[in-house]
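Take a look at the structure below.
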4 protein chains.
Amino acid sequence: MLLRYFYDERLAQASYLIGCTRTGEAMVVDPARNVTPYLEMAQREGLRITHVTETHIHADFVSGSRELGSRSDATIYLSDTGPAEWKYGYAHEPNVVLVQDGDAWSVGNIRVQVLATPGHTPEHISLLITDTANADAPIGIFTGDFLFVGDVGRPDLLEKAAGMADTAERGAQQQFVSVQKIKQMDDYLQIWPAHGAGSACGKALGAIPSTTLGYEKRFNPAFRFGTDDEAEFVRWLLHGQPEAPRYFARMKHVNKVGPQLLNELTAPQPAIRATLDAAIARGELVADLRPAEEYNRGHLRGSINIPATSSSYTTYLGWFVRYDQPLHLILPSHDEAHALRTLTDLRAIGIDDIGILTGPAALTGELDALPATDVREVVRHMNEGTTQPLDVRGLTEFEDLHVRGAMHIPLGFLPTRLNDLPRDRAIAVYCASGYRAHIATSLLRAHGFRNVECLCTQSIRWANEVPSESSRVPITIA
Amino acid sequence: MLLRYFYDERLAQASYLIGCTRTGEAMVVDPARNVTPYLEMAQREGLRITHVTETHIHADFVSGSRELGSRSDATIYLSDTGPAEWKYGYAHEPNVVLVQDGDAWSVGNIRVQVLATPGHTPEHISLLITDTANADAPIGIFTGDFLFVGDVGRPDLLEKAAGMADTAERGAQQQFVSVQKIKQMDDYLQIWPAHGAGSACGKALGAIPSTTLGYEKRFNPAFRFGTDDEAEFVRWLLHGQPEAPRYFARMKHVNKVGPQLLNELTAPQPAIRATLDAAIARGELVADLRPAEEYNRGHLRGSINIPATSSSYTTYLGWFVRYDQPLHLILPSHDEAHALRTLTDLRAIGIDDIGILTGPAALTGELDALPATDVREVVRHMNEGTTQPLDVRGLTEFEDLHVRGAMHIPLGFLPTRLNDLPRDRAIAVYCASGYRAHIATSLLRAHGFRNVECLCTQSIRWANEVPSESSRVPITIA
Amino acid sequence: MLLRYFYDERLAQASYLIGCTRTGEAMVVDPARNVTPYLEMAQREGLRITHVTETHIHADFVSGSRELGSRSDATIYLSDTGPAEWKYGYAHEPNVVLVQDGDAWSVGNIRVQVLATPGHTPEHISLLITDTANADAPIGIFTGDFLFVGDVGRPDLLEKAAGMADTAERGAQQQFVSVQKIKQMDDYLQIWPAHGAGSACGKALGAIPSTTLGYEKRFNPAFRFGTDDEAEFVRWLLHGQPEAPRYFARMKHVNKVGPQLLNELTAPQPAIRATLDAAIARGELVADLRPAEEYNRGHLRGSINIPATSSSYTTYLGWFVRYDQPLHLILPSHDEAHALRTLTDLRAIGIDDIGILTGPAALTGELDALPATDVREVVRHMNEGTTQPLDVRGLTEFEDLHVRGAMHIPLGFLPTRLNDLPRDRAIAVYCASGYRAHIATSLLRAHGFRNVECLCTQSIRWANEVPSESSRVPITIA
Amino acid sequence: MLLRYFYDERLAQASYLIGCTRTGEAMVVDPARNVTPYLEMAQREGLRITHVTETHIHADFVSGSRELGSRSDATIYLSDTGPAEWKYGYAHEPNVVLVQDGDAWSVGNIRVQVLATPGHTPEHISLLITDTANADAPIGIFTGDFLFVGDVGRPDLLEKAAGMADTAERGAQQQFVSVQKIKQMDDYLQIWPAHGAGSACGKALGAIPSTTLGYEKRFNPAFRFGTDDEAEFVRWLLHGQPEAPRYFARMKHVNKVGPQLLNELTAPQPAIRATLDAAIARGELVADLRPAEEYNRGHLRGSINIPATSSSYTTYLGWFVRYDQPLHLILPSHDEAHALRTLTDLRAIGIDDIGILTGPAALTGELDALPATDVREVVRHMNEGTTQPLDVRGLTEFEDLHVRGAMHIPLGFLPTRLNDLPRDRAIAVYCASGYRAHIATSLLRAHGFRNVECLCTQSIRWANEVPSESSRVPITIA
């Protein structure tokens with residue numbers, strides 16, 4: 001048996017290829033939409049991908065199961081264990097097989113057994129693996145978003161992101177049962193989860209690739225509850241879960257009905273200035289991915305700057321994009337390989353409708369500029385009350401320490417809360433490094449707030465610490 | 001004034017960017033369809049592409065004028081000098097300007113003047129360039145396919161490739177007039193042609209990037225004819241021109257009506273074995289681009305092997321493709337950047353309808369194999385007359401030396417001459433290195449000739465030179 | 001705690017980086033000599049490499065511990081558990097700490113405990129890891145070459161490769177004790193070994209990245225022996241171990257005294273033809289890494305062709321190189337990045353003294369050529385006894401099936417057994433694919449055997465199966 | 001005849017390969033030190049480099065003639081036309097041939113004739129090329145630094161950069177004679193110069209790759225002087241030449257005695273913090289090539305930041321480096337290919353002695369930080385006279401417009417003029433974009449000026465234009 005790990009750092013998402021080196025058959029578990037790495041690995045190892053499976057309907061990325069099925073002769077194994085509203089929409093396609101708790105199949109000499117583990121989602125399954133060529137007992141379990149290193153999957157995503165009322169508590173109860181069930185299994189079993197540290201599918205995922213059931217029984221907090229502690233478990237599980245990104249609702253839907261194949265997508269258009277202006281006029285999102293300095297020097301009025309210099313730029317696009325409209329992109333360069341990577345990044349989270357994809361050559365004619373911020377001046381105005389501080393960091397960051405009098409709107413929520421902002425005075429946006437504040441600044445300016453300043457906590461602190469005779473700054477980080 | 005050369009080695013095609021560094025405006029002359037290099041160069045040099053022009057309706061590659069116009073704010077300047085049947089079909093688009101002999105425009109401080117130079121084609125123009133910031137006389141001429149280094153453009157392509165009767169001689173007469181006309185201009189002028197050595201648009205192009213009018217007057221054979229020698233010139237010009245590749249007719253058409261924009265193309269499909277088999281059954285071309293050894297080990301019956309290991313693979317695809325049907329491709333790997341480059345290669349010669357684009361993962365199930373050739377055995381059979389030698393090299397190669405009794409069909413013509421081949425005995429295909437013979441072998445086998453052997457001249461010679469007692473080989477290269 | 005896997009496919013060698021995300025400290029376990037990947041990973045994860053350790057004196061690759069210590073501020077932890085002859089020669093360097101069974105240290109919140117596990121080598125240690133921030137019991141063990149997935153390390157390398165008499169049995173007994181000792185530990189512990197499938201450090205390594213102690217207790221054959229079965233264990237362990245590559249002896253030595261730092265190495269020289277000829281005349285190894293076809297068309301007499309087209313080319317260089325002489329290389333191209341990768345490949349197995357490093361530009365003047373083989377003819381001569389078949393495959397391949405009358409010398413041993421070959425008749429070398437036979441052919445020709453033919457088993461079989469009237473081939477694969 | 005252009009954008013330096021496609025011989029003219037591109041091109045075109053030549057002893061980059069000679073079998077043709085002090089120091093090497101005015105040799109069918117053209121340097125030659133296969137008169141001239149597009153080479157470099165008294169005027173007189181001489185030749189000849197726009201070897205080089213003699217006769221200002229106008233020509237030529245970079249003197253010396261072969265160079269060392277600190281303590285230059293933001297967050301006290309984000313970073317290294325000491329580098333990453341490119345960049349201008357080459361892993365322990373500048377505050381202090389403005393731009397930039405009261409020291413001269421700076425008050429360095437001011441800031445801080453602020457003209461202008469009630473800023477750009 002051969003096992004290879006795949007890990008998408010951007011999404012903190014793990015997928016796996018297992019293969020039988022004797023028969024040349026291979027299976028991919030929880031594939032991402034960019035299926036090239038699996039095909040390349042199989043080719044390198046002399047294997048054919050004959051099986052594809054996934055543990056559940058993912059909420060945080062577009063599943064590659066259907067795509068991989070279309071690019072190989074593989075059969076796709078999908079869970080049929082959930083209630084009616086959690087059935088796959090493409091289950092009728094000829095290469096799909098639906099499976100229930102207890103079902104099993106073989107990939108060469110490898111035996112795969114289905115274990116229903118609802119909780120994170122109602123239809124969630126885990127996959128028990130036995131290398132029958134060498135052993136008569138299982139070697140490990142692909143646990144998907146049920147069991148992570150040091151954590152279990154959150155049951156509240158459906159309610160929070162997909163707006164399905166009263167599912168969180170029910171999910172937590174199911175998760176309790178699933179945990180009690182797996183507790184009965186052997187300590188030595190390997191646990192291969194679908195996410196690592198940084199994923200929003202749990203609250204405390206560890207940064208090691210895999211774990212063992214015995215270690216989790218000992219140190220994973222979800223396992224410290226006894227068979228009578230269901231209520232306590234539910235309370236513990238539902239507490240302190242991070243905010244669910246807005247695009248999760250869309251992912252749920254897409255993965256349930258079946259993601260479009262990449263070759264079915266419409267190719268994005270190049271564009272000239274007029275086309276971009278028209279898109280902005282129609283209220284569509286034009287995201288300028290160039291570095292902040294280039295945007296500051298000259299950009300289209302109404303475009304939002306989300307610099308691709310940070311690897312988390314797709315996350316913010318995911319918050320801002322409206323899936324019923326095309327997204328338009330201005331790239332930093334005309335390099336086609338770079339354009340291809342950008343498309344791959346966005347398609348990973350289901351942003352399929354790229355209307356315009358263009359380089360800076362389209363930025364002709366008159367452009368807006370964004371002047372540098374005079375930090376000390378802004379700090380003075382915040383102290384005098386003529387400028388409103390706006391904190392766009394996360395809740396825990398805000399609670400830790402913030403500027404006195406600051407409003408708090410995490411960046412992702414800003415597009416839906418523009419009406420809460422004062423229009424009678426200047427706004428000073430800040431975050432930790434300035435990256436999120438810069439995005440927010442461009443967003444506010446695009447929505448008519450022209451008097452916006454951009455700061456980072458470090459510069460504010462520095463303005464406090466280096467007083468000059470003319471302006472002794474009384475502002476403090478509250 | 002800034003001037004940059006672009007050269008596509010595969011097509012032996014030259015294009016140019018000239019820019020005015022004071023005003024930031026730039027013009028591209030005879031752009032190829034992959035316009036990214038021009039956009040990147042302009043960005044790097046701080047220029048905007050404001051003008052695009054081409055010297056004529058190209059026959060050997062898809063023009064990038066319309067594409068470049070769509071990706072920038074550039075105006076496109078097209079010749080209006082030809083007869084009715086050589087008018088551009090997209091001249092009505094808002095960013096197109098039609099020009100006549102004597103017309104002129106400015107790119108910043110650069111003056112561009114139109115010089116009608118028919119001959120290669122009726123609507124052919126050249127562009128006289130003056131750097132008005134530094135000089136009051138021209139610096140050089142973009143001569144397109146009118147005047148090359150050491151040669152002039154052939155006038156017979158329309159007749160040979162596009163099947164337009166009686167145009168060759170008329171073109172040669174026009175070419176004579178154009179040559180006499182340019183002869184009057186100053187020796188010091190630079191000549192920037194649209195092709196270099198290896199192009200099929202002339203017969204003897206030199207391998208240096210540019211030349212001067214004075215040097216051509218002295219040493220270009222086209223200039224040795226006096227004003228009374230028209231008939232002699234016409235005879236000389238029409239003699240010894242190489243065969244025109246079959247796809248030239250298509251290019252002419254495409255460039256006249258206006259090439260599709262790249263973003264308007266349908267994306268190719270991935271595919272499984274069954275889809276490929278169905279395409280072959282429908283009689284469509286399935287080209288396997290993997291190396292010969294991999295193809296020999298296992299391939300789809302009916303697929304043609306055109307190994308992408310040689311840079312001339314697109315030329316053979318250009319001979320074989322039928323533009324009214326999709327072309328299907330099996331690539332050597334699953335790498336997406338490689339797939340993108342392949343598409344770019346093919347789109348350069350207008351192969352836009354790629355039906356299926358897939359990696360070797362689609363090669364599942366039972367496959368055909370191609371055994372190695374026993375050279376000495378085949379040579380013996382050729383001598384005994386039980387095997388028919390088939391030479392697929394060019395005419396000059398064949399005339400130089402060939403196997404006694406060999407049929408001669410250049411590889412490009414093979415698809416249309418299959419009926420000329422004997423079906424009652426084995427066929428031994430050969431060429432110089434074995435590359436063309438290998439393609440021919442896979443083509444013949446795909447068309448039901450199962451008893452085909454593949455040789456190269458070197459191996460034949462070797463079989464002659466190393467006789468064994470059992471078979472003293474009398475065959476000779478005739 | 002953060003854990004990252006590194007895997008060198010060429011050497012089937014695993015190494016690991018563990019880091020404490022709270023304090024920013026990190027440790028690398030069993031680093032390879034090319035330490036860039038560790039430094040890059042640490043930079044990306046915001047960690048500093050503060051500790052380096054290795055489980056034992058490696059025999060199959062150059063350790064990167066000393067190199068990594070010189071490129072960071074890390075302290076190096078080395079085993080002091082072996083007898084006098086297995087003490088590290090660079091233990092006195094200021095950043096080295098020697099450790100004994102039971103010693104422990106901390107990497108931030110990670111606790112590292114030394115476990116003496118002799119057997120594979122006398123000084124072998126394993127490292128028990130506890131993530132004290134989250135747990136009060138260990139999470140897993142870095143077992144080096146003691147315990148693999150499905151196997152244990154072989155104890156006979158010192159005897160076979162380093163020529164140390166009577167150490168194999170003693171090592172097997174120690175290995176027995178080590179296995180009994182680890183058997184007492186908990187099932188749930190993860191096992192992170194230093195090698196995967198394909199390594200010559202054991203006989204049956206599995207192709208999955210890591211395992212658990214419980215799984216190995218159940219299915220690893222080394223664990224099925226009871227406390228009284230030492231003799232049986234020793235017999236089992238010493239049986240059927242593969243041949244140890246010749247360069248292993250050198251690696252042992254190098255890693256013991258301390259490998260040279262990369263910046264201390266002398267840069268290789270470019271060269272002209274005369275320099276290469278002189279090197280060959282001095283009896284030094286000139287390895288031509290170009291593809292076989294290019295070598296066949298023209299090469300230096302006396303140079304050996306080891307095509308870099310196969311990823312195992314370094315292995316054969318490792319068999320052929322004489323560590324007391326410079327190795328000279330002719331590369332396929334002049335690309336410097338490629339030259340750098342080649343150097344990195346060779347330095348990984350301690351080939352530090354590259355005398356000449358040159359591209360094909362040095363191949364001027366008169367060159368040797370290698371004609372193609374007429375398989376059927378050679379087969380006939382083998383049958384007639386006028387040509388001696390020589391099988392250069394491995395022992396198991398040979399025992400499976402071979403040409404009747406063939407001599408058997410595995411390729412790696414060929415340089416030392418040239419005197420066993422007949423000089424009175426032709427030699428026909430063969431292997432499975434032709435790769436090893438081709439190398440052998442060039443080697444034999446370089447040593448004066450000019451009448452050498454190169455075959456593969458497939459072509460022999462084909463010559464048997466497609467008889468012609470003139471030569472019915474009676475030869476069989478014995 | 002085949003001709004290929006090579007152009008190094010960083011150095012604005014042109015070199016050429018010409019080859020005879022019939023005989024396969026090729027010559028490189030004025031090669032750069034990184035000779036790989038020539039070797040690769042020759043391999044691709046099926047040519048052997050048999051001849052190497054250069055037009056003169058270059059002052060602005062290390063010649064690759066000797067390097068290329070050592071990597072091929074080529075003979076090197078060097079000028080012997082200058083006085084005793086301008087003879088090549090490696091002329092005695094066996095593959096060197098010295099040539100005089102009128103000498104000639106053949107590269108296959110290509111005839112090369114030497115034309116003495118002193119002026120830029122005493123030993124300068126040009127090379128007249130005739131393609132004898134097709135013509136009985138020359139096609140063009142490689143004019144080196146004698147004749148450029150729109151300019152002629154400056155004759156004052158020896159005096160300014162190499163400190164050779166009274167050579168500038170003598171050179172100008174020679175240049176006059178050379179121009180008069182070439183004026184006699186035919187208009188149609190192509191002119192292939194050794195530099196393009198941006199080079200410091202002349203004052204007004206055009207941005208097109210090549211020109212013709214006729215065009216230069218008409219529009220190059222050097223050609224407008226009649227045979228009696230020598231004095232006027234000399235005055236014109238010596239006026240307005242830009243400052244010669246400090247490293248030019250070194251280049252002259254190196255290229256005269258013969259540059260070291262790359263394989264003779266000592267490999268740079270990796271390093272830990274302590275080694276870097278020691279180097280700084282010894283007064284050696286430690287250049288930190290990371291982006292400014294990373295340097296600002298944490299750097300070694302005493303290191304100079306020259307961000308490799310600009311392609312002109314090597315120019316500033318060339319001004320600052322002391323060729324009698326090792327230069328130490330801190331790179332932005334641990335990527336080895338990047339390190340190799342950096343070495344290639346530096347070796348191009350003769351910086352061979354890289355002592356330490358290390359990534360950011362060496363930046364351990366306590367680090368210095370550089371706080372952001374409060375522009376308005378600094379502007380206020382400049383107005384109040386408590387901060388000294390320092391302009392580090394070029395003379396023409398300074399003369400155009402500058403801050404009232406500013407000192408002017410171009411960045412390149414700053415290391416030698418530190419004593420001119422006031423130590424009793426703060427210094428505010430500025431340039432156009434902030435790049436040079438940032439380098440200057442790090443340089444000043446490294447030399448004990450701790451109270452240094454960094455500005456750009458744009459931010460100063462902005463501070464002026466957006467007055468606040470507290471500080472109406474009277475400062476103006478003078």
Side-chain angles (χ1 to χ4, degrees), chain A residues 24-26 34-44 46-50 67-74 94-95 261-275 294 331-341 343-344 354-365, chain B residues 24-26 34-44 46-50 67-74 94-95 261-275 294 331-341 343-344 354-365:
Chain A
E25 289 163 273
N34 176 19
V35 300
T36 306
Y38 313 115
L39 291 168
E40 285 184 336
M41 176 65 82
Q43 187 180 5
R44 193 157 73 227
L47 300 168
R48 284 161 298 118
I49 296 175
T50 50
E67 183 75 25
L68 190 49
S70 83
R71 300 252 206 122
S72 64
D73 275 338
N95 61 344
L261 300 183
L262 292 179
N263 64 287
E264 295 167 356
L265 302 181
T266 308
Q269 312 277 330
I272 56 174
R273 166 74 190 256
T275 334
E294 292 179 28
L331 300 184
S333 85
H334 294 279
D335 179 50
E336 282 171 16
H338 179 259
L340 190 70
R341 276 198 305 277
L343 287 182
T344 302
I354 308 295
I356 297 169
L357 183 76
T358 194
L363 297 175
T364 55
Chain B
E25 289 162 272
N34 176 19
V35 301
T36 307
Y38 313 115
L39 292 167
E40 284 183 336
M41 177 64 81
Q43 188 181 5
R44 192 157 74 227
L47 301 168
R48 284 161 299 118
I49 296 175
T50 50
E67 183 75 25
L68 191 49
S70 83
R71 301 250 206 123
S72 65
D73 275 338
N95 61 344
L261 300 183
L262 292 179
N263 64 287
E264 295 167 356
L265 303 182
T266 310
Q269 312 277 330
I272 57 174
R273 167 74 191 256
T275 334
E294 291 179 29
L331 300 184
S333 85
H334 295 279
D335 179 50
E336 281 171 16
H338 179 258
L340 190 70
R341 276 197 305 277
L343 287 182
T344 302
I354 308 297
I356 297 169
L357 182 75
T358 193
L363 297 176
T364 55

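Just so it is clear: chains get the letters A, B, ... in the order the sequence lines come, proteins before strands, and each one is counted from 1.
- Ranking D335(A), I49(A), L340(A) against chain B, the residue ahead of the rest is D335(A), based on heavy-atom pairs under 4.5 Å.
- Residues that satisfy the side chain to side chain contact (heavy atoms under 4.5 Å, CB included) test with P332(B), not counting sequence neighbours, are L289(B), R290(B), P291(B), H338(B).
- Residue contact with chain A, scored on non-hydrogen atoms closer than 4.5 Å, involves the backbone and the side chain of L39(B) alike.
- Using a 4.5 Å heavy-atom cut-off against chain A, the contacting residues of residues 357-365 of chain B are P360(B), A361(B), T364(B).
- The salt bridge (charged side-chain N to carboxylate O under 4.0 Å, His left out) search around R48(A) returns none, not counting sequence neighbours.
- Annotation: side-chain hydrogen bond (donor to acceptor under 3.5 Å, both in side chains) contacts of T36(B) (sequence neighbours excluded): E336(A), N34(B).
- Of the atoms belonging to P268(B), it is backbone heavy atoms, and not side-chain ones, that fall under 4.5 Å from chain A.
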